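This is a predicted model, so every value here is computed, not measured. Below, all heavy atoms of this structure are taken into account, side chains as well, without hydrogens, waters or symmetry copies.
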Amino acid sequence: MNSKSNTLLLSQLSMALARSRTAARSLAQSRSYSSQVGAAAAAAAATPSALQQKWESAHAKNPAFAVERDLPAPKNRKREIGLFLVFATITWGGGSIIAFNYQRMTSTPVTAALFTARHNDQVREVLGSQLNFTSSFPWISGDISHLKGFVEVEFDVVGDKGVPGRLVLKSRRTGKQNGEWTTTEFYIVMADGRKIDCDE
């Protein structure tokens, strides 16, 4: 009877010891898990700062983030635009005037009038034989309109004698056909007011 009681007591002690060891092991594992969770939480708490630094670095270096930057307000460019428009208008206007003057200078009425006056005997006697423009790009006053049928031009001329004059040509289209023109005025006026008729 005593032997059975001792055996039962030893068995209960063994079970109690085993339970104690299991409880101690569980407690140790629980503590280890708590430590790991605490370390993970600390790492998680430190992560936003690192991510923020990386974000700011990418925001500064990557052009894809430039759209999110605070851009300065655009400058008022009304003055620059106004100056550009003025310059463009002057350039365009000057170019147009030069182009129209060149057309008049190289037109058939002007070149024909200069050729005819050059071979006029009275003009050759007063101004010389080599009658021409006073410059390589002279200003031709007046207008030429084949559509309306009139020619009214004036320009400075000079011969090889160095005597300047001003050639005047005025002509009208009188007939229905384009080839029928009538010259109303064609002469060279001298500095003293004297006129040399070039239509003779």
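Glu154 pairs in a salt bridge (Lys or Arg N to Asp or Glu O under 4.0 Å) with only one of the listed residues (Arg166, Lys170, Arg104), which is Arg166.
Note that CD1 of Ile98 is 12.5 Å distant from CD of Gln103, once rounded to the nearest 0.5 Å. Rounding to the nearest 0.5 Å places CD of Gln130 at 8.0 Å from CZ of Arg124. Distance CG/Leu127 to CG/Asn132: 12.0 Å, rounded to 0.5 Å. A distance of 5.0 Å separates CZ in Phe133 from CD1 in Ile140, rounded to the nearest 0.5 Å. Rounding to the nearest 0.5 Å places CZ of Phe100 at 9.5 Å from CG of Asp143.
Closest non-hydrogen pair, Asp197 versus Asn120, comes out as O-ND2, 3.6 Å. Across all their heavy atoms, Leu169 and Pro109 have their closest contact at CD2-O, 3.6 Å. Residues Pro164 and Met190 approach most closely at O-CE, 3.6 Å, considering heavy atoms. Of all the heavy atoms in Ile188 and Ala117, the pair that sits closest is CD1-CB, 4.2 Å. In terms of heavy atoms, Arg118 sits closest to Ser129 at CG-O, 3.4 Å. Across all their heavy atoms, Val123 and Leu131 have their closest contact at CG1-CD2, 3.9 Å.
Linking Ile, Leu, Val, Met, Phe, Trp and Tyr whenever their side-chain heavy atoms come within less than 4.5 Å puts Val157 and Val163 in one cluster. Side-chain heavy atoms closer than 4.5 Å link hydrophobic residues (I, L, V, M, F, W, Y) into clusters, and following such links, possibly through other members, connects Met105 to Phe155. Criterion: ILVMFWY side-chain heavy atoms under 4.5 Å apart, direct or through other members. Under it, Phe186 and Leu114 are part of a common hydrophobic cluster. Hydrophobic clustering (side-chain heavy atoms under 4.5 Å, transitive across Ile, Leu, Val, Met, Phe, Trp, Tyr) keeps Ile81 apart from Trp92. Following chains of ILVMFWY side-chain contacts shorter than 4.5 Å, one can reach Leu167 starting from Tyr102, so the two form part of one hydrophobic cluster.
With salt bridges taken as basic N to acidic carboxylate O contacts below 4.0 Å, one links Arg172 and Glu152.
Other residues, nucleotides and ligands contribute only 12 or fewer heavy atoms inside 6.0 Å of the CZ atom of Phe87. For Lys195, the NZ atom is loosely surrounded, since the number of other residues' heavy atoms within 6.0 Å does not exceed 12. Heavy-atom neighbours of Glu125 CD from other residues, nucleotides or ligands within 6.0 Å: at or below the threshold of 12.
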Let me see the working for Asp156 and Val158 under side chain to side chain contact (heavy atoms under 4.5 Å, CB included), right down to the final yes or no.
-> CA-CA 7 Å; Asp156 295 329; Val158 65; over 6 Å; no

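Using bins of under 30°, 30° to 60° and over 60° for the plane-to-plane angle, the ring pair His146/Trp181 lands in the perpendicular bin.
Contact annotation: the side chain of Ile97 approaches that of Trp139 to within less than 4.5 Å [non-hydrogen atoms, C-beta and beyond].
Remark: the backbone N or O of Val153 is not paired with any side-chain donor or acceptor of Ser141 at under 3.5 angstrom.
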